[in-house]
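Note that the structure is predicted; figures quoted are calculated from it, not measured. We count ligands from 1, going down the list as the structure has it; atoms in each ligand are counted the same way.
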Amino acid sequence: MKKSYLVALAIVAGTALSFMGCDKNKNVVVGGVAPLTGEAATFGASTKNGYDLAVAEWNAKGGVLGKQVQLVFADDKGDPAEGATVFTKLIEQDKACAVLGTVMSKVSLAGAPICQNAKIPMIATASTNPKVTGVGNYVFRACFIDPFQGTVGAKFAFDDLKAKKAACLFDVGNDYTKGLSEFFKAKFVALGGEVVGFEGHATGTSDFKAQLTKVLASKPDVLYVSDYYADVAIIAKQARELGFKGPLVGGDGWDSPKLTEIAGSAIEGCFFTNHYAKEDKSPIVQEFVKKYSEKYKASPDALAALAYDAANIMLDAIKRAGSTDGAAIQGAMAKTDLRVVTGQVKFDGERNPVKSAVIIEIKGGQQVYKTTVAP
Ligand code: PHE
């Protein structure tokens, strides 16, 4: 009695384990990375949801290469060192044939050489700094890059907001925020504007008053803040305390429900560039918004959309490759031509998709779609 009970238990446990993916031959193992904790935690939550939704849809339709897709997820904590550790673990221990992620450019820059050396294709979801795909031919991304994003922000400030003088504030320890401010500055000056202040601050600080006092002294019409949402919120509040009345403009790093939650009225009437707008009437966007909202009881931000897209782009490439071999997937990735939620994806020679940006206004504590800007 006891023995047969144990045998039955062993069979049940064995079956459960193989469904959970411990039997690697039965699944196509894909790694997924995002910052679930740390300074950009809301980015990680949305990103993970996006991966999970896409993978669940593929699996419901039979998976890929006749197998179920097993997503092994890892938290990079928004930290490059942790990013390097988890990329290595996904490849060496979990035997992932491809990696989705990650979000922050500085962390993708730590993961990219690991994928490149192992010849495992990766697709960064939201890392917009140009250097990321520059690491090598196994590194792709699902988003546009910052030279474009900075240009869109500068043109908007100069042409639409009629700003003649701008000041920039950025995190010196973050490739993305520093790079984006530089691209903004170059375009704003090329348009005939003047950049009257350009100040870096330390990573992790919460007092921006010294930098703000300095840049506000030259009376800029707009303040370009290329930080992530948590810093942006504090900068907005401190800028208002110091008497700045003009608009703040920034980039995709603003995209978090926490921005207006923390900044309140200080961020009203401000603008940022982003990857998609949930108000977009295209059927593919509306279908995604509906499915995501039903599953997670929240509306999808750009991070969620890009993660969903990244998973679909990679799984589509694995399907076309007909194999989980890294080189075969890389070749198929390079030939991608797929309509996804955030646009049509075809990679240029640097493995960057060429896509439109949207401008979002903060109005009544909400993100309101303003316009779309084509490349
Ligand atoms: N673009 C940012 C980076 O490269 C990450 C990000 C993307 C943040 C989209 C928010 C929304 O670091």
| note | residues 359-368 vs side-chain hydrogen bond (donor to acceptor under 3.5 Å, both in side chains), sequence neighbours excluded, gives Asp255-Gln367

| request: Say whether, by atom type as modelled, one donor and one acceptor occur between the side chain of Asp309 and the main chain of Thr342 under 3.5 angstrom. | output: yes

| task | Mark yes or no for whether Ser226, through its side chain, and Thr177, through its backbone, hold a donor-acceptor pair below 3.5 Å. | result | yes

Just list the side-chain donor-acceptor pairs under 3.5 Å for residues 153-169, sequence neighbours left out, or say none.
from: Lys162; atom 1: NZ; to: Asp159; atom 2: O; distance (Å): 2.8
from: Lys165; atom 1: NZ; to: Ser218; atom 2: O; distance (Å): 3.1

| Near ligand 1, at a heavy-atom separation below 4.0 Å: residues by chain and residue number | Phe43, Val103, Met104, Ser105, Ala126, Ser127, Thr128, Tyr176, Tyr228, Asp252, Gly253, His275, Leu303

| field | Contacts of type ring-ring contact (aromatic ring centres under 6.0 Å, His included), residue Phe184, not counting sequence neighbours | value | Phe188, Tyr224

| query | Is there a donor-acceptor pair closer than 3.5 Å between any side-chain N or O of Thr128 and the backbone N or O of Ile145? | reply | no

